[in-house]
**Q** 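Before we start, here is the structure in question, set down as structure tokens.
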Amino acid sequence: MNIKITFPDGSIKEFPSGIKGIEIAQSISEGLMRNALAIEVNGEIWDLSRPITKDASIKIFTWNDKGGKYAFWHSSAHLFAEALEALYPGVKFGIGPPIENGFYYDVDLEGRPFGDEELAAVEKKMSELAKQNSVFVRKDVSKAEAIDYFTKKGDQYKLELIDGLQDGSITFYQQGNFVDLCRGPHIPSTAPIKAVKLLNVAGAYWRGDEKNKMLTRVYGITFPKQKELDEYLHMLEEAKKRDHRKLGKELELFAFSEKVGMGLPLWLPKGTILRERLEQFMRKAQVKAGYDPVVTPHIGSKQLYVTSGHYEKYGKDSFQPIHTPDESEEFLLKPMNCPHHCEIYKTKPRSYKELPVRLAEFGTVYRYEQSGELHGLTRVRGFTQDDAHIFCRPDQVKEEFVKVIDLVLLVFKSLGFENYTAQVSLRDPNNKAKYIGEDALWDKAEREIQEAADERGLKTVAVLGEAAFYGPKLDFMVRDALGRSWQLGTIQVDYQLPQRFELEYVGSDNQKHRPVMIHRAPFGSLERFIAVLIEHCAGNFPLWLAPEQFAVLPISEKFNGYAQQVVDKLKESDIRGFLDDRDEKIGRKIRDSEVKKVPFMLIVGEKEAIEGKVAVRKHGEGDKGAMDLSEFVEKFQSDFKMPVVD
RNA sequence: GCCGAGGUAGCUCAGGGGUAGAGCAGCUGAUUCGUAAUCAGCAGGUCGUGGGUUCAAAUCCCAUUCUCGGCUCCA
């Protein structure tokens, strides 16, 4: 009996029933057969050795496909497990999935030490085993068989996994002496795994629950060619050079001090310029968008946060209350600006005619983050949000939300953030106790967010369990140099705080109504935004943001006088820079400014002094030739200016 | 908070029981120079902190703190 196989290009061929993926690959070309790693059959990824018995649409995966890489790395995880078991008999295995770059395996070494030396030994064993070209064999097993096997082996983690599986849908995979509970798919054999690197060891709670035992997670990556591994490792090295913590130190943007306290950044003069430029940019954009700036204190009475619900939710895990000499008073460092803004809203009766009221503040907030969470500027304990709260009528929610989306997109566009993900952060439906408020309002808010995103044609990804405790969010996620994803901009619809603070407005019907609040921060926090910005531009900031836009470099001390005039004139035009009047050769001065990533170097010597010119050199590009100072200013004027805010 | 690895001069790093090292940065002097490092000299550290072992500790042990990689968390 024949079956119909549909190829990705839409063509259909007939094959005998029971044909294997690898045979289909062979029928196309010998080359494809050699490179094939897995096959997609009707949307499911299969082993190449699994017989296909029904009509199917197929796609053959090679190393160039994500599906192919996943199968490759999944098989590599098994190879790792095989090597580990060979060296550490009795080791117990958790889960070992492929990930975006490589794979990991969670293992229980029962206290046996596992460091760099052990890593290297396992790595070596993996390469040895790979060369044996063991075939990955898939085997259907009954639940009883599966339980029996792992009971004998004494692996309680696998037994726990089997417990959650349906009888009849359980498969084992074996290569060499190693058998694993696994749904697959796998590559045909271990031979293609030519280059192996175990990257690091970390702790990970079994099943991601901190109440469970912590297992040892080993991260690794493999490639079909050594060269590809070398390139990957080189790429990692390059990414590390863009790490904002490294550049922040080198470019003197910010610092941390043990004495000040962990997670409390100190902004150095150059970093402060950067920060203030971004702040000015946002202030301008917000004035145009109808926001009113406000300022509120850094602390607030405990009662404020009891009202908002933050105290109940985070009180124990926050900085603890500040006490006054009169013991009856308690104040909290503000972890949020919204309660303060609610109180501003309440300072007078509001009419439906004046809504929406948009209150904006660069509010510095303090949150007690767990010590292990702190990470450069991306996760800190004191940071400044470009916060604002929009108080509007229910019929204005969508329109206001869309306007905020536009503002976030303007920010991202102005700073060249093109690779963001718009994430709709929803409630975890299985854990509603984590959230406050009625279902109906949550559903409404979630619907409004999705509609607003759709209206702007945003491609969104919905993620359950990521909502704030008072409402769903639209989060804009951006990756850092090492591919870690961070939340920057965020927009939230909130029906809860207006209730808790009993916010009201008088409608056209002369009745009291409850406004809706939209929380929003396009940058998110200046700290995190700047961290990601640094990594995006590798410290080469857009000219309008650069802390130092130019350096004037005299050829020798004889021209320091003229050089100073140049500096003064540029400063008059609000262009930032400095004079390098050190007794050094020009090559040295250029090098130092290049290393500091100063956008423009203006070199002045005898010729320039006589002609009243500057020799312009652009960072990373080189000599642009001599020109009048006014010509220089004019030529790059648009770059010096802050992006136009529409 | 949890698991693991680290902390030596301002920075990057060597040294792993026997008098604290290098390069860069800094300071002083010489040099006055044309597009990515001029030369010479000087100075700089209770080896994260606190205990312990030892005749002797940067080095070995314990505790603590901070940093790094993950996990959990993230208003």
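Chain letters run A, B, ... following the sequence lines, proteins first, then strands; residues in each count from 1.
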**Q** Please state whether the phosphate of A37(B), meaning OP1 or OP2, lies under 4.0 angstrom from any side-chain nitrogen or oxygen of Lys589(A).
**A** no
**Q** For Glu123(A), what residues pass the salt bridge (charged side-chain N to carboxylate O under 4.0 Å, His left out) criterion, not counting sequence neighbours?
**A**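 Partners of Glu123(A) by the salt bridge (charged side-chain N to carboxylate O under 4.0 Å, His left out) criterion come out as none, since no residue qualifies.
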**Q** Considering only atom C1', compute the distance from A40(B) to G17(B) and round it to an integer number of Å.
**A**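 Each nucleotide's C1' atom is 38 Å from the other's.
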**Q** Respond yes when some side-chain nitrogen or oxygen of Arg484(A) is under 4.0 Å from OP1 or OP2 of G69(B), and no when none is.
**A** yes
**Q** Mapping Gly622(A) and Arg528(A) to their closest nucleotides on RNA chain B, which lands nearer the 5' end?
**A** Gly622(A)
**Q** Return the residues of residues 470-481 of chain A meeting this criterion: a heavy atom under 4.0 Å from some atom of RNA chain B. Order them by number, or give none.
**A**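 Only Tyr470(A), Lys473(A) qualify.
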**Q** Under 4.0 Å, heavy atoms only, any strand: does Ala202(A) hit a base, just the sugar-phosphate, or nothing?
**A**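 Base: the residue Ala202(A), judged by heavy atoms under 4.0 Å, touches a nucleobase.
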**Q** Just to be sure I understand the rule, does Met262(A) reach a base, reach only the sugar-phosphate, or reach nothing, if contact means heavy atoms closer than 4.0 Å?
**A**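 Sugar-phosphate only.
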**Q** Where does G29(B) land, syn or anti, once you apply the within-90°-of-0 test for syn?
**A** anti
**Q** Using a cut-off of 4.0 Å on non-hydrogen atoms, how would the nucleic acid contact of Arg245(A) be classed: base, sugar-phosphate, or nothing?
**A**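 Arg245(A): backbone/sugar contact only, no base atoms under 4.0 Å.
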**Q** Let me spell it out: for each of Asp243(A) and Glu608(A), pick the nucleotide of RNA chain B with the closest heavy atom. Which residue's pick is nearer the 5' end?
**A** Glu608(A)
**Q** Using the test side-chain hydrogen bond (donor to acceptor under 3.5 Å, both in side chains), find all partners of Arg582(A) that sit at least two apart in sequence or belong to another chain.
**A**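 For Arg582(A), the residues satisfying side-chain hydrogen bond (donor to acceptor under 3.5 Å, both in side chains) (neighbours in sequence not counted) are Asp580(A), Asp592(A).
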**Q** Please report, rounded to the nearest Å, how far the C1' atom of G1(B) is from the NZ atom of Lys213(A).
**A**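 Whole-Å distance recorded here is 19 Å.
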**Q** Contact class for Gly208(A) (heavy atom, under 4.0 Å): base, sugar-phosphate, or nothing?
**A** sugar-phosphate
**Q** Could you tell me how far G44(B) sits from C3(B) if I compare only their P atoms? Round to whole Å.
**A** 43 Å
**Q** Going 5' to 3' along nucleotides 41-46 of chain B, which nucleotides have protein heavy atoms under 4.0 Å from the base (write B), which only from the sugar-phosphate (write S), and which from neither (write -)?
**A** ------
**Q** For Ile221(A) versus Phe103(A), what's the shortest heavy-atom pair and its separation?
**A** N-CE2, 3.8 Å
**Q** Nearest to the side chain of Ser556(A), which nucleotide is it out of A36(B), C33(B), C74(B)?
**A**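 Ranking A36(B), C33(B), C74(B) by closest atom to the Ser556(A) side chain puts C33(B) first.
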**Q** Applying a 4.0 Å non-hydrogen cut-off, can you work out what His375(A) is touching in the nucleic acid: base, sugar-phosphate, or nothing?
**A**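 It contacts sugar-phosphate atoms only.
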**Q** Taking the side chain as everything from C-beta on, heavy atoms only, tell me whether Glu160(A) gets closer than 4.5 Å to Arg207(A).
**A** yes
**Q** Which nucleotide, G34(B), C71(B), A75(B), lies nearest any side-chain atom of Ala204(A)?
**A** C71(B)
**Q** Looking only at atom P, what distance separates U53(B) and A57(B), rounded to whole Å?
**A** 11 Å
**Q** With a 3.5 angstrom cut-off on both distances, give the Watson-Crick or G-U wobble partner of G50(B), or none if there isn't one.
**A**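 Check on G50(B): paired to C62(B), both distances under 3.5 Å.
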**Q** With a 3.5 Å cut-off and just heavy-atom distances, do the side chain of Arg367(A) and the base of C74(B) make a donor-acceptor pair?
**A**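 Per atom types, no contact qualifies.
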**Q** Using only side-chain N and O atoms of Ser371(A), determine if any of them is under 4.0 Å from OP1 or OP2 of G1(B).
**A**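 Looking at the OP1 and OP2 atoms of G1(B), one of them is under 4.0 Å from a side-chain N or O of Ser371(A).
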**Q** Which nucleotide sits closest to the side chain of Phe469(A): U32(B), A75(B), C11(B)?
**A** A75(B)
**Q** From C74(B), U35(B), C66(B), pick the nucleotide closest to the side chain of Glu369(A)?
**A**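 Looking only at side-chain atoms, Glu369(A) lies closest to C74(B).
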**Q** Centroid separation under 6.0 Å, is that true for the rings of Phe476(A) and Phe417(A)?
**A**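 For Phe417(A) and Phe476(A), the ring centres are not under 6.0 Å apart.
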**Q** At under 4.0 Å, does any side-chain N or O of Arg381(A) touch on OP1 or OP2 of C73(B)?
**A**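 For Arg381(A), the contact criterion (side-chain N or O under 4.0 Å from OP1 or OP2 of C73(B)) is not met.
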**Q** To the side chain of Ile590(A), which of C3(B), A75(B), A36(B) is closest?
**A**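 Nucleotide nearest to Ile590(A)'s side chain: A36(B).
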**Q** NZ of Lys259(A) versus P of G48(B): gap in Å, rounded?
**A**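 From Lys259(A) NZ to G48(B) P: 16 Å.
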**Q** Can you pull the side chain to side chain donor-acceptor pair (under 3.5 Å) pairs that have at least one residue in residues 554-566 of chain A, sequence neighbours excluded?
**A**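 Only Gln564(A)-Asp568(A) qualify under side chain to side chain donor-acceptor pair (under 3.5 Å).
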**Q** Using a cut-off of 4.0 Å on non-hydrogen atoms, how would the nucleic acid contact of Ile586(A) be classed: base, sugar-phosphate, or nothing?
**A**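 Contact class for Ile586(A): sugar-phosphate only.
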**Q** Can you check whether Arg528(A) reaches Arg379(A) side chain to side chain, under 4.5 Å on heavy atoms?
**A** yes
**Q** Can you sort out the partners of Lys213(A) under salt bridge (charged side-chain N to carboxylate O under 4.0 Å, His left out), two or more places apart, ordered by chain and number?
**A**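 Lys213(A) satisfies salt bridge (charged side-chain N to carboxylate O under 4.0 Å, His left out) with Asp108(A) once adjacent residues are dropped.
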**Q** Looking for any heavy atom pair under 4.0 Å, which part of the strands does Lys313(A) touch: base, sugar-phosphate only, or nothing?
**A** nothing
**Q** Can the ring centroids of His389(A) and Tyr345(A) be said to lie less than 6.0 angstrom from one another?
**A** no
**Q** Reckon Glu584(A) touches a base, only the sugar-phosphate, or nothing at all at heavy-atom distances under 4.0 Å?
**A** base
**Q** Give a yes/no on whether any side-chain N or O of Arg217(A) is located under 4.0 angstrom from OP1 or OP2 of C3(B).
**A**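 No, because none of the side-chain N or O atoms of Arg217(A) sits under 4.0 Å from OP1 or OP2 of C3(B).
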**Q** Taking N and O atoms by type only, does the side chain of Tyr205(A) place a donor or acceptor under 3.5 Å from a partner on the base of G70(B)?
**A**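 Such a pair does not exist between side chain and base.
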**Q** For Arg520(A) and Ile491(A), work out which heavy atoms get closest and say how close.
**A** CB-CG2, 4.1 Å
**Q** Taking only the side-chain heavy atoms of Met214(A) (C-beta and beyond), determine which of G70(B), G7(B), A36(B) contains the nearest atom.
**A**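 The closest nucleotide is G70(B).
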**Q** Return no unless some side-chain N or O of Lys585(A) is found under 4.0 Å from OP1 or OP2 of A36(B).
**A**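 Looking at the OP1 and OP2 atoms of A36(B), neither is under 4.0 Å from any side-chain N or O of Lys585(A).
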**Q** Which part of the nucleic acid does Glu606(A) contact within heavy-atom distance under 4.0 Å: base, sugar-phosphate only, or nothing?
**A** base
**Q** Phe550(A) and Phe632(A): aromatic ring centres closer than 6.0 Å?
**A**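 Between Phe632(A) and Phe550(A), which both carry aromatic rings, the centre distance is not below 6.0 Å.
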**Q** Can you tell me, in whole Å, how much space there is between the P of G48(B) and that of U67(B)?
**A**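 Between the two P atoms, the distance is 16 Å.
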**Q** Could you measure the distance from the CG atom of Leu119(A) to the NZ atom of Lys197(A)? Nearest 0.5 Å is fine.
**A** 7.5 Å
**Q** Report yes if the ring of Tyr219(A) lies under 5.5 Å from the six-membered base ring of G70(B) with planes under 30°, and no otherwise.
**A**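 Stacking between Tyr219(A) and G70(B): absent.
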**Q** If every non-hydrogen atom of Asp387(A) is compared with every non-hydrogen atom of Asn337(A), which pair is closest and at what distance?
**A**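 What the structure gives for the nearest pair is OD2-ND2, 2.8 Å.
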**Q** Answer yes or no: side-chain N or O of Glu252(A) and base N or O of G10(B) forming a donor-acceptor pair under 3.5 Å.
**A** no
**Q** Could you give the distance separating G10(B) and C62(B) at their C1' atoms, to the nearest angstrom?
**A** 32 Å
**Q** Expressed in angstrom and rounded to an integer, what is the separation of Asn200(A) atom CG from C71(B) atom C1'?
**A**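 About 12 Å, once rounded to whole Å.
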**Q** Taking the same atom, P, in C74(B) and in U65(B), what whole-Å distance lies between them?
**A**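 It comes out at 24 Å once rounded to the nearest Å.
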**Q** Indicate, with a heavy-atom threshold strictly under 4.0 Å, whether Gly587(A) touches base, sugar-phosphate, or nothing.
**A** sugar-phosphate
